[in-house]
Amino acid sequence: MESVPYIKVEPPGPIARSIIEKDQKFLMQSYVRWYPLVIKTGKGAVVEDVDGNKYIDMNAGLAVMALGHNHPNVVEAIKKQAEKLQHYSLTDFYYEEAVTAAEKLLSISPIKDGRVFYTNSGAESIEGALKISRYYYEGKRQYIMAFLGAFHGRTMGSLSLTASKSHYREHYSPLIPGVIHIPYPYPYRCPFKAEEPKECGEAVLGFIEDWIFQKLVEPSEVSSIFFEPIQGEGGYIVPPDNFIPGLRRIADKNGILLVDDEVQSGTARTGKWYAIEHWGVVPDMIAMAKAVGGGLPLGAIVGKSEVMNPMKKGSHANTFGGNPIALAAMKAVIETIESENILARATKLGEMVMKYFNELKEELEIIGDVRGKGLMIGVELVRDKKTKEPAVKEIGRILNKSFKRGVLVIGAGVSSIRIAPPLVIEEDLLAKAIEIIGEILKEENKEIKK
Ligand SMILES: Cc1ncc(COP(=O)(O)O)c(C=O)c1O
């Protein structure tokens, strides 16, 4: 067997090119596509393209494949369930798989005495949470707060909360009314120009209480605050430690629901089941998707029962949410994370990656900031450490070079590298991947100095 990465033909090879040509002919082209990778198979943290090139996967299929590709436990669970029952609408009837899976999901939730609602995607989990929070206040609290830099999805409701790139929203206005966007405490580029992370967190919390609630809306008219405990698409931004506890305090003081978007940061990615646990805060609802379904389209909302129980028959439902095969995969994912001690593994491997890039940061002008928790790590690239000018052109080149050398990694925010490999990645493979990225950063570092 070849060692990985293994580049047999420079990608995109001939088969990849012919598929891309057909893709352009038959599919709507609104997808992003970072580079011309045409994937064929995967095993663990290694994926193979249609031309036989083998890559180290630092994307995990966009933070979905926490247990790597084709984990035998997940494959087995899917096969077994497919032979038993594939679908029977949970909206209209009952089945046991939904109950046992919900019990399992609740057993790992920081929300005690919770209830589950199943969805099919991250955006749908956010849509549901939006409706539940409005319903909870019987439509009387019409304002919702969210953060600049947030990504909560692309359907009309979730897009109303998303504010990570203005072109995502272009041509879609009017979105749902009553959404107020607050700057997110981004310690490296604090919107309030605070030097220290703690000051940045205080500035944002103060802005909500002293400006938004004093000048714009009465807090009694706000139903919910949606936030990502670590901003994902916005740049893998870890907020200051006082931020999330501060949000909880503001929410409690004013009877506002705190909705934690763990679509990307949840299901063990950060070394905890949910990233919010790093700050010891319990939200009122958790929206999840991505990794929870082990690669099948599944999402969920876990909410406090007092928040979820008022929902009357028909007030929210769907046909496919809680599909039995997806739930079998979810159960296998959770049980495997437990049995293989994946939380500790994500923490340990994350420390190794952080150490490597922090050391490289000392050496290279191009690395402005390294941040993360577990295996959700952002490496922010700049053209100049003093001015913090984002290395916008360079990052595209870096990701493309990395692809050609057999390491799959993408960006986040304006100019950050997003490190999110499967949590089961072998230590030596991970070390190899970050070294390849490091080599490319060294090359690009010479370019910015020219
Ligand atoms: C934090 C967060 N919320 C919501 C979503 C939307 O999820 P989906 O693409 O499954 O609709 C994403 C997707 O990247 C996300 O990262």
Side-chain angles (χ1 to χ4, degrees), residues 28 30-34 59-66 117-131 133 144 146-165 167-169 172 175-176 179 181 184 186 224-239 244 258-270 272-276 278 283 285-302 318 320-323 326 329-330 333 372-378 410-413 416 418-420:
M28 185 166 89
S30 61
Y31 300 119
V32 177
R33 270 73 187 269
W34 289 87
N59 299 327
L62 259 295
V64 169
M65 307 310 288
F117 177 81
Y118 296 119
T119 73
N120 302 281
S121 69
E124 205 194 320
S125 294
I126 294 294
E127 290 285 344
L130 260 173
K131 285 181 67 184
S133 67
I144 299 148
F147 290 88
L148 294 172
F151 188 89
H152 295 293
R154 287 183 163 98
T155 55
M156 290 300 268
S158 63
L159 182 63
S160 307
L161 305 179
T162 289
S164 53
K165 288 196 173 85
H167 76 259
Y168 291 167
R169 298 164 62 98
Y172 295 125
L175 292 159
I176 65 165
V179 178
H181 280 102
Y184 192 80
Y186 180 174
S224 47
I225 302 176
F226 282 72
F227 71 101
E228 291 161 274
I230 297 178
Q231 274 194 342
E233 305 299 306
Y236 273 33
I237 298 164
V238 181
I244 295 174
L258 207 53
V259 185
D260 174 18
D261 183 344
E262 296 270 2
V263 169
Q264 189 151 174
S265 58
T267 321
R269 169 71 31 211
T270 70
K272 304 259 187 208
W273 285 109
Y274 301 102
I276 195 168
H278 288 283
M285 273 187 269
I286 302 175
M288 63 191 81
K290 286 194 186 279
V292 78
L296 294 197
L298 178 74
I301 306 164
V302 171
N318 53 25
F320 283 119
N323 169 273
M330 177 184 93
V333 166
K373 295 219 181 266
L375 280 171
M376 183 169 189
I377 296 171
I410 63 169
S416 295
R418 143 177 19 195
I419 312 266

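Whatever order the structure lists them in is the order used to number ligands and atoms, beginning at 1. Because the structure is predicted, anything quoted here is derived from the model rather than measured.
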Looking at T119 and A300, what are the two nearest heavy atoms and their distance?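 Heavy atoms of T119 and A300 come nearest at OG1-N, 3.6 Å.
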Could you go step by step and tell me if M330 and N323 meet the side-chain contact (heavy atoms from CB on, under 4.5 Å) rule? CA-CA 10 Å; M330 177 184 93; N323 169 273; over 6 Å; no
At under 4.0 Å between heavy atoms, which part of E233 makes contact with ligand 1: side chain, backbone, both or neither?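 The answer is the side chain of E233.
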Considering only non-hydrogen protein atoms, determine which one is nearest to [atom] and report residue, atom name and distance to 0.1 Å.
atom: atom 16 (O) of ligand 1; value: Q264 NE2, 2.8 Å
atom: atom 7 (O) of ligand 1; value: G122 CA, 3.3 Å
atom: atom 2 (C) of ligand 1; value: F151 O, 3.2 Å
atom: atom 3 (N) of ligand 1; value: D261 OD2, 2.7 Å

Hydrogens and angles aside, do E233 and S164 bring a side-chain donor and acceptor to less than 3.5 Å of each other? no
S125 side chain to I301 main-chain N or O, any donor-acceptor pair under 3.5 Å? no
Point-to-point distance, once rounded to the nearest 0.5 Å, from NZ of K290 to CG of L62: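 Nearest 0.5 Å value for the NZ-CG distance: 4.5 Å.
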Distance in Å, K272 NZ paired with S265 OG, rounded so as to fall on 0.5 Å steps: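 Result: 13.5 Å between the selected atoms.
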Criterion side-chain contact (heavy atoms from CB on, under 4.5 Å) against Q264, the qualifying member of E228, M376, R269: M376
Flag [X] as yes when one of its N or O atoms lies below 3.5 Å from any N or O atom of ligand 1, and as no otherwise.
X: E124; answer: no
X: E228; answer: no
X: H152; answer: no
X: I126; answer: no
X: A123; answer: yes

Chi angles and distances behind the side-chain contact (heavy atoms from CB on, under 4.5 Å) call for D261, F227: CA-CA 6 Å; D261 183 344; F227 71 101; over 6 Å; no
Decide whether the shortest distance between a heavy atom of K290 and an atom of ligand 1 is less than 4.0 Å. yes
